[in-house]
Amino acid sequence: MYAQVVFPLPFRNAFTYSIPEEFVDLVKVGVRVVVPFGKRILTGFVIGINQTTELKDKIKSIRDVLDDYPVFDENSLKFYEWISEYYISSLGEALKNSIPYGTEVESKRIVVADRDYCAELLTKEKKQNSIKAKLLNILSQKEVIKISQLQKELKNKNLYTLLRNLEKLGAVSILNELEGAKVKVKKVKCVKLKKSIDEIYEYFPELEKKSPKQVVILLELISSRDEVLLSELLKKTKTSSASVESLVKKGLVEIYEKEVERTYKETYQEEIKEITLTETQQNVINRISEALEQDKFETFLLYGITGSGKTQIYIELAKRAVAKGKSVIILVPEISLTPQITSRFINYFGNNVAVFHSKMSLGERYDTWRGIISEKYKIVIGPRSALFAPLKNIGLIVVDEEHDQSYKQQDISPKYHARDAAIMRAKFNNCPIILGSATPSVESMYNALNGKYHLLELPQRIDKAQLPIIKLVDIGIEQKKKRMESIFSKTLLDEINNRISKKESIIILQNRRGFATQVYCNDCGEVILCPDCSVSMVHHINKNILKCHYCGIELPVPKACPVCGSLSLKFFGTGTQRVEDELAFYFPELKIERVDSDAIDKKGKLGEILNSFRKGEINMLVGTQMVSKGLDFSNVTLVGVISAETTLWLPDFRADERTFQLLTQVAGRAGRSEKQGEVIIQTQNSKNFVLQKVIQNDYKGFYEKEIQLRQKGEYPPFTRLGLIEIKDQNENRAKAAITEFASYLKKYEKGLKISPPTEAVIYKLKGFYRYQILIKSFKKTDPSGKLLRNAILNSYIEFNQKSKFKDVKLIIDIDPQSII
Ligand code: ADP
Ligand code: ZN
Ligand code: ZN
């Protein structure tokens, strides 16, 4: 028997390996195998099995099998094939998404032995110098050992059959360890009493005199009546482990290790609300249920304004899917939205929900992922990578806030868009998919209006809550009227005061992190740029450093201008830290918390902040776009935006759309209950069309103008874009390489519009010079995008075969979200 194997590397072919006798039962489509490849040993994915092969060359054989259960099934394989074809990656690169979070797999496996049992087996062994006996000898002495170590010590590579037989007897377990042994079964130390309480009491008089601390420990153990975590015991009793140790020596208590399953605990909690669905909600549910009941693939765009009760619709439909014995995927954008929607799902489905969270530890991810494979969970909630959860029998997929940018994989190949890929996963699974948003992406709305998706609307807020009143405050005019105090307009400050006096809560948005966003020299005008990126450094005041938000480099704040030596350095631009700082100055009595990726550095931190915010212990949140998404707090009545300009002026065809979405979403946090909400947006262009549409709550008006601009500019949804980027630390090499690539592309020009090679807007990033080619293919003439993909793939192959610049970094991005 032969297996077809692909590798998570950029090469595209599948390779044939023979399956040794001992692995025949184990090798299936979807398992990972370890094989020799050239001089290397690699881990690959089995994508097919054949009885025969036509290959004549010497065929190498599989060395090891990593999985007991397939990590993907044949149905998912089709899905991964689609991803690799559409986004132009190798199949192996696409399949890499099927293992938890792209952790590099290596052939590191460990054996955990039952030492006593191995010793017993050893005595029964007849030939004491057989490999088996030697193996048992080692295992009876060592509990945990790497297979590679065993192979070395025994000078024998073929131990798998032996080990598997021992595993069947229960003498060892063979575990897969991920790279660097980062993921292990987790153990914690526990303490419990070793004698009865009455016996313990007899020791008290003696102990009280000599070591009162030990009495405290015993009392704590007595009152808890059960085992206690050692760490908690020490914390509670304010004692040291030495005291516990001496109790162990006296035989009064014991310390032992216990295995724990790591699951992510959401810190944010909400009470279950009794909910009677509104008629509109019910209609939406009925419509989607039709598809759900018939196992029919259908894409729904759920356009429901902020606070219209979309989450409850997801929950109801998930219930129906689960009742049918199906599983459900709920995708949410990054961490910010997760706490509230997650806690609502947990309220309804309890332990059936697996949560993937970007702040989870590797171990938590690994355990959760294994739980999904063993079908412990019916519902998976998480960011874009949760789309690849190894669920079986999917009955419903939800992409909440479908317009969100974080659904696009920006970092590694394949650069998939989780919303679009989710539609394909639903298609292969014959199930409905819901794309939900209050501000649908222009593409999705276009598809819905053209019948490709089914449009469902929720035009009203729950309980007739009113949308907030939105005001623009023109900073220029306010300045002339002397109504600005630092970065705040009097209008905003007054309104904050007003809301505080009513004990209402406030959210302030400034979509920039840090303190000052630019440091420049007052004399020569030089702006301090990152040495590796062509972007300005941001001042972070609490650490007093300059930080690049693209590469993360941190530098001390210079005392003088690096160009002319002038001491007159100015700090310019406003980040969240500065907003927080200044608000604390104007409102010293307020409890303010900052919510941005600098502040939310620990797991559970956001949940804690939101808990206190809900209870009113925190009055105000100041944050980046993280505060704009999904938060649902009835006491928030005021939203302030310090500057609408942070996204408006980006040189990108989606800049208007992003601005509209961000402002509408953040505005939607206000007035979600009886109390009327208000939104104040400070801006320098109050006449701007996008801002006008935001204050009128006019999504459709915005959409109509935007779709015309897209058509005129030949942008999606009228065209499909492919972006080729070449980057290199050597400027000339990057330039020569992109010019060469362009010459190959030229052959396929027909039907496409190919830009000449240009410098990227952010020309230098992390020390690499970047050049781009933008290719447009028209949906009218190339509806499937095949022309585009062929052009790119063929040029790429030719480039790889011929170019002397093969080793420059070449990035292919189909449907890029931004072209800077
Ligand atoms: P969206 O996701 O559309 O912005 P949510 O799903 O967060 O809105 O719903 C807004 C609020 O209304 C939530 O607090 C939710 O619990 C509540 N809600 C949803 N449906 C109902 C209903 N039928 N009756 C009462 N409250 C509801
Ligand atoms: Zn200067
Ligand atoms: Zn940088």
Side-chain angles (χ1 to χ4, degrees), residues 79 83 87 94 96-103 263-268 310-311 314 318 327-346 353-369 371-372 377 379-391 394 396-412 414-426 433-437 441 444 595-597 600-607 610 623-631 661-662 665 815 817-818:
F79 168 59
I83 291 199
Y87 294 103
K96 213 171 152 183
N97 287 296
S98 69
I99 52 172
Y101 289 82
T103 323
T263 48
Y264 181 74
K265 281 233 169 37
E266 184 49 67
T267 42
Y268 180 77
K310 295 186 287 293
T311 313
Y314 307 150
S327 58
V328 179
I329 299 180
I330 312 283
L331 297 185
V332 293
E334 49 192 312
I335 54 162
S336 48
L337 203 82
T338 324
Q340 256 182 339
I341 193 170
T342 308
S343 104
R344 285 179 193 170
F345 266 88
I346 291 175
V353 184
V355 183
F356 279 115
H357 192 296
S358 48
K359 292 268 191 285
M360 276 164 96
S361 70
L362 217 53
E364 286 168 347
R365 269 174 208 181
Y366 185 58
D367 290 0
T368 306
W369 183 78
I372 297 171
Y377 303 110
I379 298 180
V380 172
I381 302 185
R384 63 166 187 259
S385 53
L387 177 62
F388 303 104
L391 280 171
I394 299 169
L396 175 70
I397 302 181
V398 174
V399 184
D400 192 27
E401 311 293 346
E402 64 87 30
H403 62 274
D404 199 272
Q405 284 188 77
S406 67
Y407 285 125
K408 175 83 173 171
Q409 163 65 274
Q410 309 273 19
D411 304 329
I412 50 170
K415 296 194 157 200
Y416 66 90
H417 195 301
R419 174 196 61 216
D420 302 339
I423 294 175
M424 292 311 288
R425 188 152 196 206
I433 170 166
I434 309 172
L435 314 178
S437 177
S441 63
S444 292
V595 175
D596 59 24
S597 53
I600 307 300
D601 49 356
K602 276 205 319 272
K603 118 175 125 186
K605 178 99 177 268
L606 181 64
L610 295 184
T624 55
Q625 41 87 28
M626 284 173 91
V627 296
S628 73
K629 296 174 191 174
L631 302 185
Q661 287 162 347
L662 175 65
Q665 291 287 349
D815 300 338
Q817 284 303 291
S818 109

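In what follows, every heavy atom counts, from backbone to side chain, and hydrogens, waters and symmetry copies are set aside.
Qualifying side chain to side chain donor-acceptor pair (under 3.5 Å) partners for S441, counting only residues two or more places apart in sequence or in other chains: E402, R419, S444. Applying the side chain to side chain donor-acceptor pair (under 3.5 Å) test to D420 and every residue at least two apart in sequence or in another chain returns nothing. The salt bridge (Lys or Arg N to Asp or Glu O under 4.0 Å) check on K415 picks up nothing, with sequence neighbours excluded. Residues meeting the side chain to side chain donor-acceptor pair (under 3.5 Å) test with Y314, sequence neighbours left out: D400. Annotation: side chain to side chain donor-acceptor pair (under 3.5 Å) contacts of T311 (sequence neighbours excluded): none. Scanning for side chain to side chain contact (heavy atoms under 4.5 Å, CB included) contacts around Q817 gives K408, Q410, H417, R654, R658, with sequence neighbours left out.
From L331, atom CG reaches atom CZ of R425 across 10.0 Å, with rounding to the nearest 0.5 Å. Of the inter-residue distances, the one linking S406 atom OG with K629 atom NZ reads 5.0 Å to the nearest 0.5 angstrom. Here CG of D404 is found 10.0 Å from CG of L662. Values are rounded to the nearest 0.5 Å. Taking CD1 of I397 as the reference point, atom CG of L391 lies at 9.0 Å (rounded to 0.5 Å). With values rounded to the nearest 0.5 angstrom, N97 atom CG is found 9.0 Å from R384 atom CZ. Taking CD1 of I330 as the reference point, atom CD1 of I379 lies at 6.5 Å (rounded to 0.5 Å).
I434 has its side chain within reach of L396: a pair of non-hydrogen atoms, C-beta onward, lies under 4.5 Å apart. Two residues are said to be in side-chain contact when any heavy atoms from C-beta on lie closer than 4.5 Å; S437 and Q665 meet this criterion. Residues I412 and K96 are not in side-chain contact: their nearest non-hydrogen atoms beyond the backbone lie 4.5 Å or more apart. Looking at heavy atoms from C-beta onward, I423 lies in side-chain contact with L435 at the 4.5 angstrom threshold. I372 has its side chain within reach of F356: a pair of non-hydrogen atoms, C-beta onward, lies under 4.5 Å apart.
Among Y407, F79, F388, the single residue meeting the ring pair (Phe, Tyr, Trp, His ring centres under 6.0 Å) criterion with Y416 is F388.
Across every non-hydrogen atom of K605 and I600, the tightest pair is CG-CD1, 4.1 Å. Of all non-hydrogen atoms in T368 and A354, the two that sit nearest each other are CG2-CB, 3.7 Å.
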(message) Evaluate L606 against V595 for side-chain contact (heavy atoms from CB on, under 4.5 Å), listing each step before the verdict.
(response) CA-CA 8 Å; L606 181 64; V595 175; 3.8 Å; yes
